[in-house]
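Accompanying notes for the structure given below.
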Amino acid sequence: MSVVVRFAPSPTGFLHIGGARTALFNWLFARHHKGVYRLRIEDTDRARSTKQAVDAILDGLAWLGLDWDGEVVFQSQRLERHAEVARQLLAEGRAYYCYCTPEELEEQRERARAAGKPIRYEGTWRDRDPREAPAGVKPAIRLKAPQEGETVIQDHVQGEVRVANAQLDDLIILRADGTPTYNLSVVVDDHDMGITHVIRGDDHLTNAFRQTQIYRALEWDVPEFAHVPLIHGPDGAKLSKRHGALGVDAYREMGYLPEALRNYLLRLGWGHGDAEIISTEQAIEWFDLSGIGRAPSRFDFAKLDNLNGHYLRQADDERLVALVVERLEAELGPIGPEGRSRLLQGMAGLKARAKTVAELAASARFYVRPRPVPLDEAAEQLLGSEGRAALLSLMPHLAKVEWSAATLEAEVRREAESRGVKLGALAQPLRAAVTGSKVSPPIFEVMAILGRDETLGRIEDALRSAP
RNA sequence: GUCCCCAUCGUCUAGAGGCCUAGGACACCAGCCUUUCACGUUGGUAACACGGGUUCGAAUCCCGUUGGGGACGCCA
């Protein structure tokens, strides 16, 4: 039997990190089994679903590289089919009309709460004669769920989970306005789409019981389930906007690479021995449901940063230049071919030092800034009067040397030696004057990339700016 | 309140009764490398929540306690 899975977000907000991981797991599972991975937008909440949210989800998935198979299914376009199934259950006597008003139901809930009993529908209309129906009340349709025994699900992550049917109530499958409710829609769509494995967040575990009851009433095959533990914030509490319940676009904005996020998300809740750095190809080969852990996990930016740094160092220079230019242009205006060329030459030295694209852009800024390059506080301190004096006396030597990283370094080393100072005594002021900062890629490499005129010009600027 | 799930270093995890004096990774600390910062490298601190069983033997199995989490909508 071929595997068919789906990712089914509801477009009431952005694609958050938990959803991204669910999508990743489904995608990996499908690719591993050479099956089908589909996307279904659960937009039946007409009031809260927005086009922007749908776009954000689609964009987020595309950025993450989780391509789906076939057409996107919009649940809102299948309402008629869902209603038809509800009516079928009604006709078969496996569902019934319920004439309770929302107020009555609220009273029932209150009563149950007060009595310390499970909060559930009392079954008021389950066996009542519909002829007693109050006039003018539009009924909802409820599933006639089993009252005895228990409902059991075999979960690939949680194992066998069972709950007494007495805990469950007769859930509404079709609202009074004729629209289907979530659990019915999910069951009908999963069935119609031929979904074989439902991999989703653990918060759906209890829905699995209700959905199982609907499957049974319909005499349809129940799919395999895998409920993945949720992702918590660093403090162990529910993810909040402060620490991780951000849209994937926010991670992109912070400068994370999609391949790094994929690797991080994969390892968050799934393991394969000691493997940490896992390429997507390798992940497809290895991914299995049994590797999913059963405990919730916490989101940790430090580890994501580390992974991102790894993938950054691995990334193609041209690609990184494009990402950096995009950010730098937003800040400094258009960057010409010369600037791009410097960035490309300097990228190897730059990317070895960054954790995120944002950091990369910040540290690359000096390559494309127009003179005079502003000196930050640390650079100013490094220069001081001694630093400037050192640079001044170094100028003639720099002016005459052949302009390459190796010759520049050799010349400055020779000078340091003859002056009886450490290389740093000359290199640091140079770095400060040329980059405006005390931290940069190797300074002779920087000088070589910048070229003789630009470098000497910057040094002169720094000398002139003496306080 | 009711039901369900979970529990190994700070974090992510390896571990499916003896291979565990509990392994790896991130973070942290120290050393090395070094023109800065990173990278790299070497070493270090650090965990089986607690209490009972079962067993010759338990991180691994069972029960309870505690602590987290999730669900209880005519939302999805």
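Quick caveat, the model's predicted, so the values are computed rather than measured.
If you measure from atom OH of A:Y96 to atom C1' of B:C74, you get 13 Å, rounded to the nearest angstrom. In this structure, the CG atom of A:L423 is 10 Å from the C1' atom of B:U34, given to the nearest Å. One can place CG of A:L230 at 11 Å from C1' of B:A71, the figure rounded to the nearest angstrom.
When distances run from any side-chain atom of A:D203 to the nucleotides B:A71, B:A76, B:U36, the shortest one goes to B:A71. Checking B:A76, B:U36, B:G40 against the side-chain heavy atoms of A:R313 singles out B:G40 as nearest.
The C1' atoms of B:C28 and B:C12 are separated by 16 Å, rounded to the nearest whole Å. Nucleotides B:A47 and B:C62 are separated by 26 Å at their P atoms, to the nearest Å. Rounded to whole Å, the separation between the P atoms of B:C39 and B:C26 comes to 10 Å. Spacing of P atoms, B:C29 relative to B:A22, comes out at 25 Å, to the nearest Å. B:C37 sits 44 Å from B:C19 when the C1' atoms are compared, rounded to a whole Å. Across B:A30 and B:G70, the matching P atoms stand 38 Å from one another, rounded to whole Å.
The residue among A:E409 and A:P102 whose nearest nucleotide of RNA chain B is located toward the 5' end is A:E409. Heavy-atom nearest nucleotides on RNA chain B were determined for A:Q167 and for A:W270, and the one closer to the 5' end corresponds to A:Q167.
Between A:F287 and A:F25, the distance separating the two ring centers is shorter than 6.0 angstrom. For an aromatic pair to be called close, the ring centres must be under 6.0 Å apart, and A:F299 with A:Y251 satisfies this. Aromatic ring centres of A:H197 and A:F29 lie closer together than 6.0 Å.
When heavy atoms are screened at a 4.0 angstrom cut-off, A:C100 is found touching base atoms of the nucleic acid. Counting non-hydrogen atoms under 4.0 angstrom, A:A176 reaches a base of the nucleic acid. Within the 4.0 angstrom heavy-atom criterion, base atoms lie near A:L105. At the heavy-atom level, A:L268 lies under 4.0 Å from the strands shown only through sugar-phosphate atoms. A:I443 comes within 4.0 angstrom of a nucleotide base, judged by non-hydrogen atoms across all strands. No contact: A:G309 has no heavy atom under 4.0 Å from any strand. Nucleic acid contact class of A:T12 (heavy atoms, under 4.0 Å, all strands): none. Contact annotation for A:R109: backbone-only contact, meaning every heavy-atom pair under 4.0 Å involves sugar-phosphate atoms and none involves a base. Across all strands, A:P441 comes closer than 4.0 Å to base atoms (heavy-atom distances). Note on A:S185: nothing from the nucleic acid sits closer than 4.0 angstrom, heavy atoms only. Among the heavy atoms of the strands lying under 4.0 Å from A:F444 is at least one base atom, whether or not backbone atoms are also near. A:D169 comes within contact range of no nucleotide atom at all, as no heavy-atom separation falls under 4.0 Å. In this structure, A:P442 reaches the bases: a heavy-atom distance under 4.0 Å links it to at least one base atom across the strands shown.
In this view, A:E42 and A:R40 satisfy the salt bridge (charged side-chain N to carboxylate O under 4.0 Å, His left out) rule, not counting sequence neighbours. In terms of the side-chain contact (heavy atoms from CB on, under 4.5 Å) criterion, residue partners of A:D177 (sequence neighbours excluded) are, by chain and number, A:R175, A:T179.
There is a side-chain donor-acceptor pair under 3.5 Å between A:D189 and A:H82. A:R431 and A:S440 share a side-chain donor-acceptor pair at under 3.5 Å.
Not one side-chain nitrogen or oxygen of A:R431 sits closer than 4.0 Å to the OP1 or OP2 atom of B:U36. Distances shown here put every side-chain N or O of A:R113 at or beyond 4.0 Å from the OP1 or OP2 atom of B:U2. Contact check, A:T44 against B:A76: a side-chain N or O comes under 4.0 Å of OP1 or OP2.
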Practice prompt. Give the intermediate values and the outcome of salt bridge (Lys or Arg N to Asp or Glu O under 4.0 Å) for residues A:E84 and A:R87.
Written response: CA-CA 5 Å; A:E84 174 194 313; A:R87 277 183 243 111; over 6 Å; no
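Partner assigned to B:G57 is none, using Watson-Crick or G-U wobble distances below 3.5 angstrom.
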Worksheet item: What string of B, S and - do you get for nucleotides 16-28 of chain B, 5' to 3', if B is base contact, S is sugar-phosphate-only contact and - is no contact with any protein heavy atom under 4.0 Å?
Response: -------BBBSS-
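Taking 3.5 Å as the limit, the base of B:C37 and the side chain of A:R353 contain a donor-acceptor pair of atoms between them. A donor and an acceptor atom never sit less than 3.5 Å apart when one is taken from the side chain of A:R298 and the other from the base of B:U11.
For A:A433 against A:L391, the heavy-atom pair with the smallest separation is CB-CD1, 3.7 Å.
Between A:D169 and A:R210, at least one side-chain nitrogen of the basic residue sits less than 4.0 Å from a carboxylate oxygen of the acidic one, meeting the salt-bridge criterion.
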